[in-house]
Amino acid sequence: MAKHKNYTTSVSLSNVARNRLIALANIEEITQKDLLNKLIDKEIAQLSSKDKSNFAFILKATEIKDNFRNDKKRGNYNDKETR
């Protein structure tokens with residue numbers, strides 16, 4: 001099974017959305033990153049079973065793509081994890 005690495009990436013937000021995120025994070029007394037994770041988890045929990053299934057497939061495909069891209073950058077084409 002592929003190793004799942006938790007890494008940070010950037011997200012572009014409008015100034016309005018950014019300011020709202022900062023305000024909510026301050027009220028919740030958590031980091032903006034943790035607030036985004038919390039909001040995403042809340043949205044996932046509210047999905048219908050069909051949408052949750054689609055979400056799982058899309059997430060898995062994204063993880064496979066990321067793993068392939070990372071292995072390609074490192075030159076690990078024949079790594080067992082990418083087969």
Side-chain angles (χ1 to χ4, degrees):
M1 194 70 194
K3 295 177 184 174
H4 298 288
K5 294 184 179 178
N6 190 7
Y7 58 92
T8 302
T9 187
S10 63
V11 177
S12 296
L13 299 172
S14 68
N15 286 339
V16 172
R18 179 185 164 276
N19 292 341
R20 291 167 66 189
L21 178 65
I22 291 168
L24 278 172
N26 283 317
I27 289 170
E28 297 272 335
E29 296 182 346
I30 60 176
T31 65
Q32 294 170 37
K33 180 179 173 181
D34 288 341
L35 177 60
L36 281 173
N37 286 328
K38 182 179 172 181
L39 293 171
I40 291 167
D41 290 343
K42 182 179 176 182
E43 288 299 316
I44 293 167
Q46 294 177 6
L47 292 173
S48 68
S49 60
K50 180 181 177 184
D51 286 341
K52 281 183 183 179
S53 177
N54 289 338
F55 172 82
F57 286 125
I58 294 167
L59 181 62
K60 184 63 178 172
T62 303
E63 290 172 349
I64 290 169
K65 178 182 163 193
D66 285 349
N67 287 337
F68 177 76
R69 185 178 353 166
N70 291 336
D71 285 342
K72 187 176 177 182
K73 285 180 184 175
R74 290 189 294 256
N76 296 333
Y77 300 112
N78 296 319
D79 191 340
K80 292 178 184 177
E81 295 175 353
T82 60
R83 289 185 188 169

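Other members of the cluster containing Leu36 are Val11, Leu13, Leu21, Leu24, Ile30, Leu35, Leu39, with ILVMFWY side chains joined at under 4.5 Å, either directly or via other members.
Taking hydrophobic clusters as Ile, Leu, Val, Met, Phe, Trp and Tyr residues chained together by side-chain heavy-atom distances below 4.5 Å, Leu59 shares a cluster with Ile40.
Shown here is Glu29, whose CD atom has no more than 12 heavy atoms of other residues, nucleotides or ligands within 6.0 Å. Heavy atoms from other residues, nucleotides or ligands lying under 6.0 Å from NZ of Lys38 number 12 at most.
If you take NZ on Lys52 and CZ on Phe57, they are separated by 15.0 Å, rounding to the nearest 0.5 Å. Of the inter-residue distances, the one linking Arg20 atom CZ with Ser14 atom OG reads 8.0 Å to the nearest 0.5 angstrom.
Remark: the backbone N or O of Leu47 is not paired with any side-chain donor or acceptor of Asp51 at under 3.5 angstrom. Of the possible polar contacts, none joining the Ser53 side chain to the Ser49 backbone as a donor-acceptor pair under 3.5 Å is found.
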